[in-house]
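The block underneath contains the structure these notes are about, expressed in structure tokens.
Any value given below was found using the heavy atoms of this structure, including those in side chains, with hydrogens, waters and symmetry copies removed. In this text, all values refer to a predicted model and were calculated from it rather than measured experimentally.
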Amino acid sequence: MNKIQLTVNGSAIEPTVEPRTHLADVLRDQLDLTGTHLGCEHGVCGACTLLLDGAPARSCITLAVACAGAAVTTIEGLDEDEIAAELRVAFTREHALQCGYCTPGMIMSARDLVLRLDHADEHAIRVGLSGNLCRCTGYAGIVRAVGAVIEARRQRGIAAVIGAGRSSLGPVGSHPVAIPTTVSSPQAKHEMAAKQSAVAGMLDILDAPPTRSFDASLTVNAAPAEVLALFADVRTLAACFPGASITGMPAADLIEGELRIALGPLAAVFRGAARIERNDVSLSGRLIGTGRDRLSRSSTSGQISWRMAPIDEGRRTRLALTIGYSLTGPLAQIARDGLVRDLASRLTTTFGQNCERYLNGTLSAAENAEPQRLNAVRLLLDVALSHLSALARGTRRQ
């Protein structure tokens, strides 16, 4: 038996435990804190989630002796917590409560998200809650509730918490998709600086002439100043591009993200990083990036340069693009130049339309928050129909 020191919900205690005893059992059996629920007892369902030194943790697989000296907060310890109170109201309003068994763990993970997410991004909320299972399948209401609290607090001027030495969201040990944050501790600052340097160095190597390039252009029904402001909002800009989303920003000019492509029942996800360069005086800029699809083992790198010019007495903006890319791996065998050009042309058109919809207010916040899925099959069929139409016109002329 071992006597350990813990601070539970602000009170110092010294329970005596066996080395094999889990933290959840100590809380429930010795302290009568039964708000921490036990579900799978294998660290899968998240019902037992609590805060361990401020970070969500699964108490059913956490040995109590490993927590000596730690601060533990259970759902009972959040009775007077402002964020938890707002979440309880939102859960009720959005019908996020069904049987209620998962709710204590959900509240714990949700509170962490409300603290750390700078805006109500549905994808990030779902990632952050991925370690908590609702057996009643009530996820839609839960996600709405968490998003509503985040949005309300940011609108009241309550900023996201930065730091705490953490680089990912979600329960400890679950290893969900990382959502980087700016950190404040010396060690975390050093790690983040190293990450920024590594990303920047990788992109510097890629700053070379691509193997293929072509030009494209589009017209946006907005003044150059409005379009320039849109291009400065990286997250909104990514939401306007079909299939693109941002997963992190190690620095103001460095982004990490992914491009999702639906290929019938299959899906490809190119994950990578990019650097953005802007010149507001000349209304120009450039994006240099690289990505890799793990399943197909294909990689791509390239750059997109843009220059804006006012037209129609400054009421509209002409956007000239130079797109260069290099592609390696199995996908390079089917990516013929003509096909890539046609696909890029249609992507550019869709991107321009989405930019216009955002600028004129017809692209809703809900649509903008969820990255659009790029359906390559539909685009390929569109390209094929265009070629067939052109061939038919040529045949008629003969």
For residues Arg318 and Thr219, is any side-chain donor paired with an opposing acceptor at under 3.5 Å? yes
Between the side chains of Asn132 and Ser109, does any donor sit under 3.5 Å from an acceptor? yes
Interatomic distance, [X] atom [atom1] to [Y] atom [atom2] [nearest 0.5 angstrom]:
{"X": "Leu50", "Y": "Thr62", "atom1": "CG", "atom2": "OG1", "value": "7.5 Å"}
{"X": "Leu228", "Y": "Asp233", "atom1": "CG", "atom2": "CG", "value": "12.0 Å"}
{"X": "His22", "Y": "Leu38", "atom1": "NE2", "atom2": "CG", "value": "10.0 Å"}
{"X": "Cys355", "Y": "Phe231", "atom1": "SG", "atom2": "CZ", "value": "5.5 Å"}
{"X": "Met106", "Y": "Leu87", "atom1": "CE", "atom2": "CG", "value": "12.0 Å"}
{"X": "Arg286", "Y": "Thr322", "atom1": "CZ", "atom2": "OG1", "value": "11.5 Å"}

Is it true that [X] and [Y] make a salt bridge, defined as a side-chain N closer than 4.0 Å to a carboxylate O?
{"X": "Glu82", "Y": "Arg153", "result": "yes"}
{"X": "Arg88", "Y": "Glu86", "result": "no"}
{"X": "Arg156", "Y": "Glu151", "result": "no"}
{"X": "Asp112", "Y": "Arg116", "result": "yes"}

I'd like to know if the side chain of [X] and the backbone of [Y] have a donor-acceptor N/O pair within less than 3.5 Å.
{"X": "Gln303", "Y": "Leu287", "result": "no"}
{"X": "Arg28", "Y": "Thr36", "result": "yes"}
{"X": "Ser217", "Y": "Leu319", "result": "no"}
{"X": "Thr317", "Y": "Val220", "result": "no"}
{"X": "Arg144", "Y": "Glu94", "result": "yes"}
{"X": "Asp53", "Y": "Ala71", "result": "yes"}
{"X": "Gln30", "Y": "Thr16", "result": "yes"}
{"X": "Thr290", "Y": "Gly272", "result": "no"}
{"X": "Arg154", "Y": "Ile158", "result": "yes"}
{"X": "Arg58", "Y": "Gly43", "result": "yes"}

Where [X] and [Y] come nearest, the two heavy atoms and their spacing:
{"X": "Gly352", "Y": "Leu218", "value": "CA-CD1, 4.0 Å"}
{"X": "Thr34", "Y": "Glu76", "value": "N-OE2, 3.4 Å"}
{"X": "Asn221", "Y": "Arg316", "value": "OD1-CD, 2.6 Å"}
{"X": "Cys48", "Y": "Ser59", "value": "O-OG, 2.8 Å"}
{"X": "Arg135", "Y": "Cys45", "value": "NH2-CB, 3.8 Å"}
{"X": "Pro224", "Y": "Gly314", "value": "CD-O, 3.7 Å"}

Taking [Y] as the starting point, is it possible to reach [X] by hopping between hydrophobic residues whose side chains are less than 4.5 Å apart?
{"X": "Ile61", "Y": "Val72", "answer": "no"}
{"X": "Tyr101", "Y": "Leu33", "answer": "no"}
{"X": "Val44", "Y": "Ile142", "answer": "yes"}
{"X": "Leu52", "Y": "Ile13", "answer": "yes"}
{"X": "Leu129", "Y": "Leu115", "answer": "yes"}

Any side-chain heavy atom of [X] sitting closer than 4.5 Å to one from [Y]?
{"X": "Ser282", "Y": "Arg307", "value": "yes"}
{"X": "Cys67", "Y": "Ile4", "value": "no"}
{"X": "Ile150", "Y": "Ile125", "value": "yes"}
{"X": "Leu97", "Y": "Thr103", "value": "yes"}

Go through the steps to decide whether Asn9 and Thr74 satisfy the test side-chain hydrogen bond (donor to acceptor under 3.5 Å, both in side chains), and finish with yes or no. CA-CA 7 Å; Asn9 298 333; Thr74 69; 3.0 Å; yes
Verdict with reasoning, Glu256 to Ile246, per side-chain contact (heavy atoms from CB on, under 4.5 Å): CA-CA 6 Å; Glu256 294 174 316; Ile246 293 177; over 6 Å; no
Carefully, step by step, assess Glu18 and Asn2 under the rule side-chain contact (heavy atoms from CB on, under 4.5 Å). CA-CA 6 Å; Glu18 294 183 5; Asn2 300 84; over 6 Å; no
Would you please test Val17 and Met1 for side-chain contact (heavy atoms from CB on, under 4.5 Å) and show each step? CA-CA 5 Å; Val17 300; Met1 302 289 284; 5.9 Å; no
Determine, stepwise, if the pair Asp81 / Arg111 fulfils salt bridge (charged side-chain N to carboxylate O under 4.0 Å, His left out). CA-CA 10 Å; Asp81 183 79; Arg111 182 183 182 277; 3.0 Å; yes
Show, in sequence, the C-alpha distance, side-chain angles and deciding distance for Ser284 and Asn279, and conclude whether the side-chain hydrogen bond (donor to acceptor under 3.5 Å, both in side chains) test is met. CA-CA 5 Å; Ser284 63; Asn279 188 327; 4.8 Å; no
Are more than 12 heavy atoms, taken from residues, nucleotides or ligands other than His119, located less than 6.0 Å from that residue's NE2 atom? yes
Check the surroundings of atom CD in Gln5: do more than 12 heavy atoms from other residues, nucleotides or ligands lie under 6.0 Å from it? no
Does the pair Arg278 and Ile276 meet the rule for a side-chain contact (heavy atoms from CB on, under 4.5 Å), with working shown? CA-CA 7 Å; Arg278 282 187 292 265; Ile276 299 177; 3.3 Å; yes
